[in-house]
Amino acid sequence: MRDVISILDFSKNYILDIFEHTDEFLEGKFRPRLDNKIIAMAFFEPSTRTALSFSSAALALGAKVLGFSSEESLSVSKGENLADTIRMLENYSDCIVMRHKFDGAAKFAAEIASKPVINAGDGKREHPTQTMIDIYTVYKTFGSIEGLTFGFFGDLRYARTVNSMLKALTLFNPKMVYLISPQPLRVRSEILEGLNYPYREVSDIREVIGEIDVLYVTRIQRERFLDEDEYEKVKESYKVDVKTVEGMRKDAIILHPLPRVSEIDRRIDSMPQAKYFLQASYATPLRSVLLHEVVEGD
Ligand code: CP
């Protein structure tokens, strides 16, 4: 494994190995190193968690970091194409962590670069390392992923984290998956076609909230709408409030890849089901393990 483009680049056993190493990393029993390596953070789109946790991971491993956080500072703004930009990045680094607004951009980069490429989010397509963190949080909470009931809530059409997570669950045999969204934001058919587990599309969360073990919430992705009017119509329609959470099972959890805008009431943060900040805290340890595997693994 050199490039990380899709969560389905990994087998279930490989993912569980990464989780085991992440456990050991958190316990101080596994201290991987990437001394003298350089990691390029190529963020053509904004990021807080992904960019900073990968940088934090690289620095903690002893690597050096270079990169950028927008296209404006690059010669792309003078008309240079993506392929030439990738060729330069691989000259200067041992691994390219890349986020881009175009679907398939990471795969395109991996075809050009001989150095490993990690997809840190490509358009509305995938965000595989976020999914590893999401599944790891479920695994830490329940000890297993099999047999659980998941609810995905919000923008299921444009959220790449949801796409990657739905794909990942094909490896883990969930009991049921509820896809809860307004009609215009339903999961795209090409994603539904790949699912091998029971799922149902639902409009009203109240129908299913009591059955759910893992409620995965996403923001409405304004930047992915081609039509601002469509965004305005749906932006207020899907929110998790305190009453919704009171209808959940006591041992159920709420995940969110963040950033959150207004889709989760702030008062929920202190409720026992809220695990999204814990989820975010796993980013650096898990990405440390993964970065080491990608750069040094055999
Ligand atoms: N979860 C996530 O990808 O967050 P950022 O956009 O802040 O990186």
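Atoms within a ligand are numbered from 1 in the order they appear, just like the ligands themselves.
- Look at Asp251 and Arg249 and you find a salt bridge, because one of the NZ, NE, NH1 or NH2 atoms lies within 4.0 Å of a carboxylate O, short of that distance.
- Residue-level contacts of ligand 1 at the 4.0 Å heavy-atom threshold are Ser47, Thr48, Arg49, Thr50, Arg99, His127, Gln130, Pro257, Leu258.
- Rounded to the nearest 0.5 angstrom, Asn119 CG and Thr129 OG1 are separated by 7.5 Å.
- Grouping Ile, Leu, Val, Met, Phe, Trp and Tyr by side-chain contacts under 4.5 Å, direct or through others, leaves Phe102 on its own.
- Leu179 and Ile145 fall within a single hydrophobic cluster, where Ile, Leu, Val, Met, Phe, Trp and Tyr are joined by side-chain heavy atoms under 4.5 Å apart, directly or via other members.
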Inset, instruction - Could you give me the CA-CA distance, side-chain angles and deciding distance for His256 and Ile264, then say whether side-chain contact (heavy atoms from CB on, under 4.5 Å) is met? - result: CA-CA 9 Å; His256 192 311; Ile264 297 182; 3.7 Å; yes
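- In the model, Glu293 has a side-chain atom that pairs as donor or acceptor with a side-chain atom of Tyr14 under 3.5 Å.
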